[in-house]
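First up is the structure itself, then whatever we jot down about it.
So you know, we letter chains A, B, ... as the sequences are listed, proteins then strands, and number each from 1.
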Amino acid sequence: MEVSYDPQWIEQKWQEIWNEKRVYEVSEDPSREKYYVLEMFPYPSGRIHMGHVRNYTIGDVVARYKRAMGFKVLHPIGWDAFGLPAENAAIERGIHPAKWTYQNIAQMKEQLKRLGFSYDWTREVTTCDPSYYKWEQMVFIRMLERGLAYKKASVVNWCPSCETVLANEQVEDERCWRCKSEVEQKEMEGWFFKITDYAEELLDWIEKLKDRWPERVLAMQKNWIGKSTGVEIDFPLEEEIDGETSLRIFTTRPDTVFGVTFMSLAPEHPLSEVLAKGKPQDKGVLEFIHRVRGQTGIERVSEEAKKEGVFTGAYCINPFNGERVPIYIANFVVMEYGTGVIMCVPAHDQRDFEFAKEYGLPIKVVIQPEGQELNPEDMKNAYEEPGIMVDSGEFSGLPSEIGKEKVIEYIESKGFGKRQINYRLRDWGISRQRYWGAPIPIVYCEGCGVVPVPDKDLPVELPLDVEFTGKGGSPLSKVEGFVRVMCPKCGRDGKRETDTMDTFVESSWYFLRYASPDYDKGMFDGEKVKYWLPVDQYIGGIEHAILHLLYARFYTKVLRDLGMCDLDEPFLNLLTQGMVIKDGAKMSKSLGNIVDPDDMIAKYGADTVRIFMLFASPVQKDLDWSDEGIEGAYRFLNRVWRLVYDSRKRIADSGKNVETPLMESLGAQSRELLIRVHKTIKKVTDDLERFQFNTAVAAIMELLNAVSRFEPNGCEDMVILRESVEAIVRLLYPMAPHISEELWESLGHAESLVDKPWMEWDREIVGSAEMTIVIQVNGKVRSQVLMDPDSDEEEIKQAAFSDERVKSYIAGKEIKRVIVVPKKLVNIVV
RNA sequence: GCCUGGGUGGCGGAAUAGGUAGACGCAUUGGACUUAAAAUCCAAUGGGCCGCAAGGCCCGUGCGGGUUCGAGUCCCGCCCCGGGCACCA
């Protein structure tokens, strides 16, 4: 009687076996090459979703495959356990964040286990555990000592709904990345990490990560860092104002400096308020400044790019030609970039051009395109391309690209400016006015000021007896026992910092902690990190292209500079998988298009879910969930199951230890199948190397189809049948491990596939396949012919010309050329 | 605007170094098995045309050109869609 495929039973059985035998636990082995495969760890929100399943399935296939390839594979998992949802649950449902978080972890762990992922669970890391965050508190202090962490008051992004500050990276379209509320600008004190110190190095390494990281992730990071090279120039003020004698501007176009017809300051610039003092313009200027400052970021940008400004009545002098230049305040100048002052060249900058048109300011052409003459009166737009410098004193006649350099040299030689590189990147604001995060280990003392908590007093533990009112303000600041503390320096009364660290700090080093998760003498064991790190293959969603991936790169470099490790980059290779969508939209509660992984596992089993995730789409692309599609995956595994059971008896009859018969002794059908088996091994191996799981599954399906058609006849055919069936089971293993293990066992093998080396394909067998030579006439396929694999060009030509169909096409025509592509085709040109 | 990724049947997708476009799967249709259904198996399935048939011809990878014996793939010029950045001087 046939035993039917029962995934529930099989999967439970094998998960228990793997678990009991601890097959996925690894330790260092210097005699073997290591491979560290890591998927981005989950936030314990409560339940895993299909995005997790996809991410972790991909990682698991890589881990199992690399293990079979002989690597020592580190494949850990943990929990990004701090964060706002836990605190919101506390406010809404009165459950403590810690309890909520640990309950979720327990639940999600069960779900992950049901999917049969090959994690070394002994290395599980939970970031809200004091034994974890203790070390980042220590690193915080080391960073403070080196000026890499500092406190400042600044205008920050404030999310009114989350009631906390957000980093620039966490604001999307002027909205909070998490709750989508509109972000406000607020002046506040907070702690920062000096990521800008690393701007250049972060940028440099982007070049070196080429071909290892997806192009678009690198492009996004490059964009985000936003380097621009230029020069700062002092424009002397006509009269001293508020102790200032000049205005310093930043420009990337010093070649246009002779075309300056006005200057513009950001409304936020300190001089903006005073430039018009005592002049008739004063009132208008103050009104304008007040109005613009009152606008939110959105309003300022969304006003359909309308350029607005006001003349201050003040002038400065262009140091290059002594011209008197009027000074404006303009809404399109931003204080945060450059010096907050710009020189305006309407002829060669589109924004300046629009502004000049609006306010009737002169337009002076100083760059002429080659073979063309620009005339300010006819210009509809600014000319921003390179050209020849004109009306530019001693620089006239130079190509602008060369002139740019000459002007900079002149500025530096005269001492009224200097070369300057600006970055768009800002320092990483890490203060969060929330409870559920790692406390910042700082004490404020009236006498001593800002005092770091000494190493011996770490960790600064998060107190658990906290009330969650949701009424605003940091809950920590209301915990007397936490706030009141003795100053570690002088022993007098001090107050603890009540801000916690951004949760992105925890995720900036968890991949290092996995190397020695229980290490208690430091953040990690240097020797173990040396063995395991860097991560050879990192896998996660594209949504972290900037945020997490930039922070982790920065933090790793900081740890290196603190002498803790010698890593330049944490992640050697990066794979970003697409989202799982349904009906064209991301799965979400509000759209009601969520498919719960648990339901699918209960219905079809984990192997089916895994196969569908791998087969439905190439990894980088979005995967459209399809109820019919997963049925197909289930059907496929059922066919594999039936094939093994149908073949089992016949295989057994063939005897166990029969060697593969020689190719020559095989019948045509067997020969063909054996060649196919080896071609499939090659194809699946190549595909797994390149993460082309969809075509790997397809190749196994094709082999299954071929074996199903196979009609064995005689003992030798049975051996080929056995080899084919076993190949299917083994090739399937990394992707659908439970069914593979079960079938492998049922085929009479005692050893587990977990420990079995990967299959190898036989070059000779693959090479012995007959080749199909396509015959084209004038580039169009007209016929094809089967040839022996070692036929030479002449033989192939012969065969082509003697083909009946070809003959009719070339009859009576002059043959101009014959092209023979080895092993592929012949093209006859007539 | 700049930077990126993409556009192939009814659908998801394949074609790895310029060499048979549409593998594999889904869906659909027809057939077998069954009292029937489900499951399973077999067959057909890009479009148009010729033929009783075996079979054959033409068109076809967003659009227009080009290179080549040969282009989904390379080059030039466009169009459309997704993602990122953006008064950044």
Exercise. For the side chain of Ile819(A), starting at C-beta, report the closest nucleotide among C24(B), A86(B), G19(B).
Key: G19(B)
Practice problem: Ignoring the backbone of Val774(A), work out which of C88(B), A27(B), U20(B) is nearest its side chain. | Solution: U20(B)
Quiz item: Which is true for Val345(A) with a 4.0 Å heavy-atom rule: it touches a base, it touches only sugar-phosphate, or it touches nothing?
Solution: nothing
Quiz prompt | Residue Arg817(A), side-chain atoms from C-beta onward, closest of U4(B), C88(B), C69(B) | solution = C69(B)
Exercise. Give the nucleotide from the list A14(B), G25(B), U16(B) with an atom nearest to the side chain of Arg690(A).
Key: U16(B)
Quiz item: What distance, rounded to whole Å, do you find between the two C1' atoms, one in U16(B) and one in A27(B)?
Solution: 29 Å
Quiz item: Using atom C1' of each nucleotide, how far apart are A21(B) and C33(B) to the nearest Å?
Solution: 37 Å
Quiz item: Hey, what do you get for OG1 (Thr772(A)) to NZ (Lys823(A)), rounding to the nearest 0.5 Å?
Solution: 12.5 Å
Quiz item: For the side chain of Asn827(A), counting heavy atoms from C-beta on, which of C69(B), A89(B), U4(B) is nearest?
Solution: C69(B)
Quiz item: Would you say the side chain of Gln776(A) and the base of G19(B) hold a donor-acceptor pair, judged only by whether the two atoms sit under 3.5 Å apart?
Solution: yes
Quiz prompt | G13(B) to A23(B) separation - C1' atoms, rounded to the nearest Å | solution = 10 Å
Quiz item: Quick check: does any side chain N or O of Asp427(A) sit under 3.5 Å from a backbone N or O of Ile195(A), one acting as donor and the other as acceptor?
Solution: yes
Quiz item: Is any side-chain N of the basic residue among Arg253(A) and Glu384(A) closer than 4.0 Å to the acidic one's carboxylate O?
Solution: no
Exercise. Consider the side chain of Leu825(A), meaning its heavy atoms from C-beta on, and name the nucleotide among U16(B), G19(B), A27(B) that approaches it most closely.
Key: G19(B)
Practice problem: Give Thr252(A) one of three labels, base, sugar-phosphate or nothing, depending on what nucleic acid heavy atoms sit under 4.0 Å from its own. | Solution: sugar-phosphate
Practice problem: Report the distance from atom CG of Asp607(A) to atom CZ of Phe636(A), rounding to the nearest 0.5 Å. | Solution: 10.5 Å
Quiz item: C59(B) phosphate, OP1 or OP2: any side-chain N/O from Lys780(A) under 4.0 angstrom?
Solution: yes
Quiz item: Are Phe355(A) and Phe332(A) near enough that their ring centres are under 6.0 Å apart?
Solution: yes
Practice problem: List in chain and number order the residues that pass ring pair (Phe, Tyr, Trp, His ring centres under 6.0 Å) with Tyr337(A), two or more places apart in sequence or in another chain; answer none if no residue qualifies. | Solution: none
Quiz item: Whom does C85(B) pair with, Watson-Crick or G-U wobble, provided both distances fall under 3.5 Å?
Solution: G1(B)
Show the distances under 3.5 angstrom between N or O atoms of the protein and N or O atoms of nucleotides 41-48 of chain B.
from, atom 1, to, atom 2, distance (Å)
C41(B), OP1, Arg639(A), NE, 3.4

Practice problem: With C1' as the reference atom in both, quote the distance from C78(B) to C24(B) in angstrom, rounded to an integer. | Solution: 35 Å
Quiz item: What integer number of Å spans the C1' atoms of C81(B) and U28(B)?
Solution: 28 Å
Practice problem: Determine the contact category for Gly226(A): base if any of its heavy atoms lies under 4.0 Å from a base atom, sugar-phosphate if only primed atoms, P, OP1 or OP2 are that close, otherwise nothing. | Solution: nothing
Quiz prompt | Chi-angle category of A17(B) [syn within 90° of 0, anti beyond] | solution = syn
Quiz prompt | Lys621(A) side-chain N/O to G13(B) phosphate OP1/OP2 under 4.0 Å | solution = yes
Exercise. Have a look at Arg424(A) and say if it touches a base, only the backbone sugar-phosphate, or nothing, with a 4.0 Å heavy-atom cut-off.
Key: base
Quiz item: Quick one: Asp624(A) CG to G13(B) P, roughly how many Å, whole number?
Solution: 8 Å
Exercise. Determine, using ring centers only, whether Phe612(A) and Trp625(A) are less than 6.0 Å apart.
Key: yes
Self-check item: Proximity to the side chain of Glu702(A) - top-ranked nucleotide from A86(B), C24(B), C87(B)
Solution: C24(B)
Quiz item: Between Asp352(A) and Val829(A), who's closer to the 5' end of RNA chain B by nearest nucleotide?
Solution: Val829(A)
Quiz item: Is the phosphate of G25(B), meaning OP1 or OP2, less than 4.0 Å from a side-chain N or O of Asn705(A)?
Solution: yes
Exercise. For G66(B) and U73(B), measure between their P atoms and round to the nearest Å.
Key: 15 Å
Exercise. Looking only at side-chain atoms of Pro618(A), point me to the closest of C69(B), U4(B), A14(B).
Key: A14(B)
Quiz item: For U20(B), does either OP1 or OP2 sit under 4.0 Å from a side-chain N or O belonging to Arg782(A)?
Solution: no
Exercise. Please determine, for the side chain of Phe250(A), which listed nucleotide (G13(B), A89(B), G19(B)) has the closest atom?
Key: A89(B)
Exercise. Return the 5'-most residue of the pair Asp686(A), Val341(A) with respect to RNA chain B, ranking by each residue's nearest nucleotide.
Key: Asp686(A)
Exercise. May I ask you to check whether Phe288(A) and Tyr328(A) place their ring centres under 6.0 Å from each other?
Key: no
Exercise. Answer yes or no: is there a donor N or O on one side and an acceptor on the other, between the side chain of Glu308(A) and the main chain of Ala330(A), under 3.5 Å?
Key: no
Quiz item: Is there a donor-acceptor contact under 3.5 Å from the side chain of Thr608(A) to the main chain of Tyr604(A)?
Solution: yes
Quiz item: Under 4.0 Å between a side-chain N/O of Ser228(A) and OP1 or OP2 of A89(B), yes or no?
Solution: yes
Practice problem: Name the closest nucleotide to the Ile342(A) side chain, picking from C24(B), C88(B), A89(B). | Solution: A89(B)
